[in-house]
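Structure record follows, encoded as structure tokens.
No hydrogens, no waters, no symmetry mates; every other heavy atom, side chains included, goes into these values.
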Amino acid sequence: MYPYGLIDLHCDTLADWKYANTGNPDTLDDPGRVLSLSSMPKEVNWCQFYAIYIPDEHTGQGAVDYYEKNRQNFDRQMILFQDRIAPCRTAADIEAAWAAGKRAAVLTLENGSAFAGRMERIKLMADQGVRCVTLVWNSENEIGSGHTTQHGLSAFGREAVPELERNGVLVDVSHLNDPGFEDLMGVVKKPFVATHSNARAICSHKRNLTDDMIREMVKRNCLIGLNYFVKFLRDDGEVTSLDALMPHVEHFFKLGAEHILALGSDFDGSSLPDCLNTPEKAAGLYQFFLDRGLTKDQAEGIMYRNAMDFFKRNLTM
């Protein structure tokens, strides 16, 4: 039994890199990838955030060029596969795509290095359809620092966040380090997201969210996507069943995050456990949550409803 919909806040399926590099330019329906249009269960109304991931080694104009190459490929595939998928910028667009029997595709950016430190690029990329930006990746860029470095937000980053908000682009704190998160709290005004992060109290990786971060996100009516990466689920990375997900869910619920918890698979961008390495298995999380004692409302909330409610309030431009 599948829920009405599934909203996934993060995948790296669009770009070619070490986790998904088959040489097939039609990345969105590539049988060599974990996520493809053909592998999404037909019974599920699926909404996918497709990230243009910028590796940290691409900087300046190199990052701009890498972004542009992948953006053009996204736009090309939206036309190529228009009978099955539709590009979406708002919650209304997503609902319209589902009503038409299509998958909903939201274009996002992972690594603000694609701005190359130029403020005008934020509006440009928003106009091109980017609706969510993961501010940093693992290292440092013009905006701030990822979890492998210790600096917080830069002066440019403190200006970039309000500019993203003005242009209707969601701010994503996944990958942002602890000092950067603290700095962000002083400049962010609108609800933001952690597209693919788990609870650090359950798995101690620095990519995961602390209890204080989670409480702050609950207070601000934000959105958090559960990540399937084995190293973010358990400290030893030994994930043998879906049961590894439940301690994170229960911890988020304990901190008041029941209505802001969603899914953020990290498909084609991480090492996945066998129990979550296909879209069909991800869709099966609905029944798993019910079997583990969650109510229908709680299970549907995680699968799609919490994200859709958030989009209706915050993804409107």
Pair Asn141-Ser113, side-chain hydrogen bond (donor to acceptor under 3.5 Å, both in side chains): steps then yes or no | CA-CA 6 Å; Asn141 64 21; Ser113 60; 5.1 Å; no
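- Partner of Phe192 under the side chain to side chain contact (heavy atoms under 4.5 Å, CB included) criterion, out of Val173, Val161, Asp172: Val173 alone.
- Judged by distance alone, the side chain of His205 and the main-chain N or O of Phe232 form no donor-acceptor pair under 3.5 Å.
- Without hydrogens or angle criteria, Asp266 side chain to Phe229 main chain gives no donor-acceptor distance under 3.5 Å.
- Contact of the Met119 side chain with the Ile122 side chain is registered, since non-hydrogen atoms from C-beta on lie closer than 4.5 Å.
- Judged purely by distance below 3.5 Å, without hydrogens or angles, the side chains of Gln77 and Tyr50 never pair a donor atom with an acceptor atom.
- Judged by distance alone, the side chain of Asp30 and the main-chain N or O of Thr27 form no donor-acceptor pair under 3.5 Å.
- At a threshold of 4.0 Å, the pair Asp243-Arg292 counts as salt-bridged, since one of the basic side-chain nitrogens sits closer than that to a carboxylate oxygen.
- Looking only at distances, a side-chain donor or acceptor of Glu165 sits under 3.5 Å from a matching main-chain atom of Lys189.
- Annotation for Asn24 and Arg33: closest pair O-NH2, 4.2 Å, computed over non-hydrogen atoms.
- Closest heavy-atom contact between Tyr304 and Gly5: CD2-O, 3.2 Å.
- Between the side chain of Lys281 and the main chain of Asp274, a donor-acceptor pair closer than 3.5 Å is present.
- Remark: Thr134 OG1 to Leu109 CG distance equals 7.0 Å, nearest 0.5 Å.
- Note that CD1 of Ile302 and NE2 of His259 are 11.0 Å apart. Values are rounded to the nearest 0.5 Å.
- Closest approach of Leu6 and Trp98 over heavy atoms only: O-CZ2, 4.3 Å.
- Leu35 and Asp268 make their closest contact through N-OD2, 3.1 Å (heavy atoms, listed as atom of the first residue, atom of the second, distance).
- Connection of Val64 to Val169 is not established within any shared hydrophobic cluster, with ILVMFWY side chains joined at heavy-atom distances below 4.5 Å, either directly or through further cluster members.
- Checking each of Leu223, Leu263, Thr108 against Leu9 for a side chain to side chain contact (heavy atoms under 4.5 Å, CB included) leaves exactly one that passes, namely Leu223.
- Within the structure, salt bridge (Lys or Arg N to Asp or Glu O under 4.0 Å) pairs that include any residue of residues 208-218 comprise Asp212-Arg215, Glu216-Lys219, Glu216-Arg220 (at least two apart or interchain).
- The line from CD1 of Ile94 to NZ of Lys102 is 15.0 Å long, rounded to the nearest 0.5 Å.
- Contacts of Thr295 classified as side-chain contact (heavy atoms from CB on, under 4.5 Å), with partners at least two apart in sequence or in another chain: Asp297, Gln298.
- Using a cut-off of 4.0 Å between Lys/Arg side-chain N and Asp/Glu carboxylate O, Asp65 and Lys69 are scored as not salt-bridged.
- Around the NE2 atom of His251, the shell of radius 6.0 Å holds more than 12 heavy atoms that belong to other residues, nucleotides or ligands.
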Kindly indicate, with the supporting measurements, whether the criterion side-chain contact (heavy atoms from CB on, under 4.5 Å) is fulfilled by Ile143 and Phe115.
-> CA-CA 9 Å; Ile143 292 175; Phe115 299 139; 3.7 Å; yes
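- When side chains are defined from C-beta on, Phe252 does not count as touching Ile202, because their heavy atoms never get closer than 4.5 Å.
- With sequence neighbours left out, Glu182 forms a salt bridge (Lys or Arg N to Asp or Glu O under 4.0 Å) with no residue at all.
- For the atom pair OG1 (Thr148) and CG (Asp56), the distance works out to 7.0 Å, reported to the nearest 0.5 Å.
- By the rule that hydrophobic residues join a cluster once side-chain heavy atoms approach within less than 4.5 Å of another member, Leu294 and Leu255 end up as members of one cluster.
- Taking every heavy atom of both residues into account, Ser197 and Leu209 meet most closely at CB-CG, 3.9 Å.
- Expressed to the nearest 0.5 Å, how far CG of Leu80 lies from CG of Leu28 amounts to 9.0 Å.
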Begin with the C-alpha distance, continue with both residues' side-chain angles, and end with the deciding distance and a verdict on side-chain contact (heavy atoms from CB on, under 4.5 Å) for Cys203 and Lys231.
-> CA-CA 8 Å; Cys203 177; Lys231 291 184 179 180; over 6 Å; no
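- Side chain of Asn198 to main chain of Asn227: a donor-acceptor pair is present (N/O by atom type, distance under 3.5 Å, no hydrogens or angles).
- Under the rule for a ring pair (Phe, Tyr, Trp, His ring centres under 6.0 Å), the partners of His175 that lie at least two apart in sequence or sit in another chain are Trp137, His196.
- Contact check for Asp29 versus Ile85: no side-chain heavy atoms found under the 4.5 Å cut-off.
- Between the side chain of Arg89 and the main chain of Val106, no donor-acceptor pair closer than 3.5 Å is present.
- With sequence neighbours excluded, the residues satisfying side-chain contact (heavy atoms from CB on, under 4.5 Å) with Ser39 are Ser36, Pro279.
- Among His10, Arg207, Glu110, the single residue meeting the side chain to side chain contact (heavy atoms under 4.5 Å, CB included) criterion with Ser174 is Arg207.
- Taking 4.5 Å as the limit, every side-chain heavy atom of Phe181 sits out of range of all side-chain heavy atoms of Thr210.
- In terms of modelled atom types and a separation under 3.5 Å, the side chain of Asn306 and the main chain of Leu261 share a donor-acceptor contact.
- Partner of Val130 under the side chain to side chain contact (heavy atoms under 4.5 Å, CB included) criterion, out of Leu164, Leu124, Leu107: Leu107 alone.
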What do the steps show when you test Asn138 against His147 for side-chain contact (heavy atoms from CB on, under 4.5 Å), and what is the final call?
-> CA-CA 6 Å; Asn138 289 346; His147 74 273; 3.1 Å; yes
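- Within the 4.5 Å cutoff, the side chain of Leu276 has heavy atoms near those of the Leu285 side chain.
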Show the numbers, then the answer: is there a side-chain hydrogen bond (donor to acceptor under 3.5 Å, both in side chains) between Asp8 and Ser265?
-> CA-CA 6 Å; Asp8 183 346; Ser265 68; 2.6 Å; yes
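- Taking the side chain as every heavy atom from C-beta outward, Phe289 and Lys296 never approach each other to under 4.5 Å.
- To the nearest 0.5 angstrom, Thr195 atom OG1 is 11.0 Å from Ile224 atom CD1.
- Checked by atom type and distance alone, the side chain of Asn167 pairs as donor or acceptor with a backbone atom of Glu163 at under 3.5 Å.
- When every heavy atom of His151 is checked against every heavy atom of Ser145, the shortest pair comes out as O-CB, 3.1 Å.
- Lys206 contributes no side-chain N or O that, together with a main-chain N or O of Asn177, makes up a donor-acceptor pair within less than 3.5 Å.
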Check: residues 308-317 side-chain donor-acceptor pairs under 3.5 Å, at least two apart:
unit_1 : atom_1 : unit_2 : atom_2 : d
Lys312 : NZ     : Glu95  : OE2    : 3.2
Arg313 : NH1    : Asp309 : O      : 3.4
Asn314 : ND2    : Phe310 : O      : 3.0

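- Phe49 places none of its side-chain heavy atoms less than 4.5 Å from the side chain of Cys11.
- Tyr67 places a side-chain heavy atom less than 4.5 Å from the side chain of Met125.
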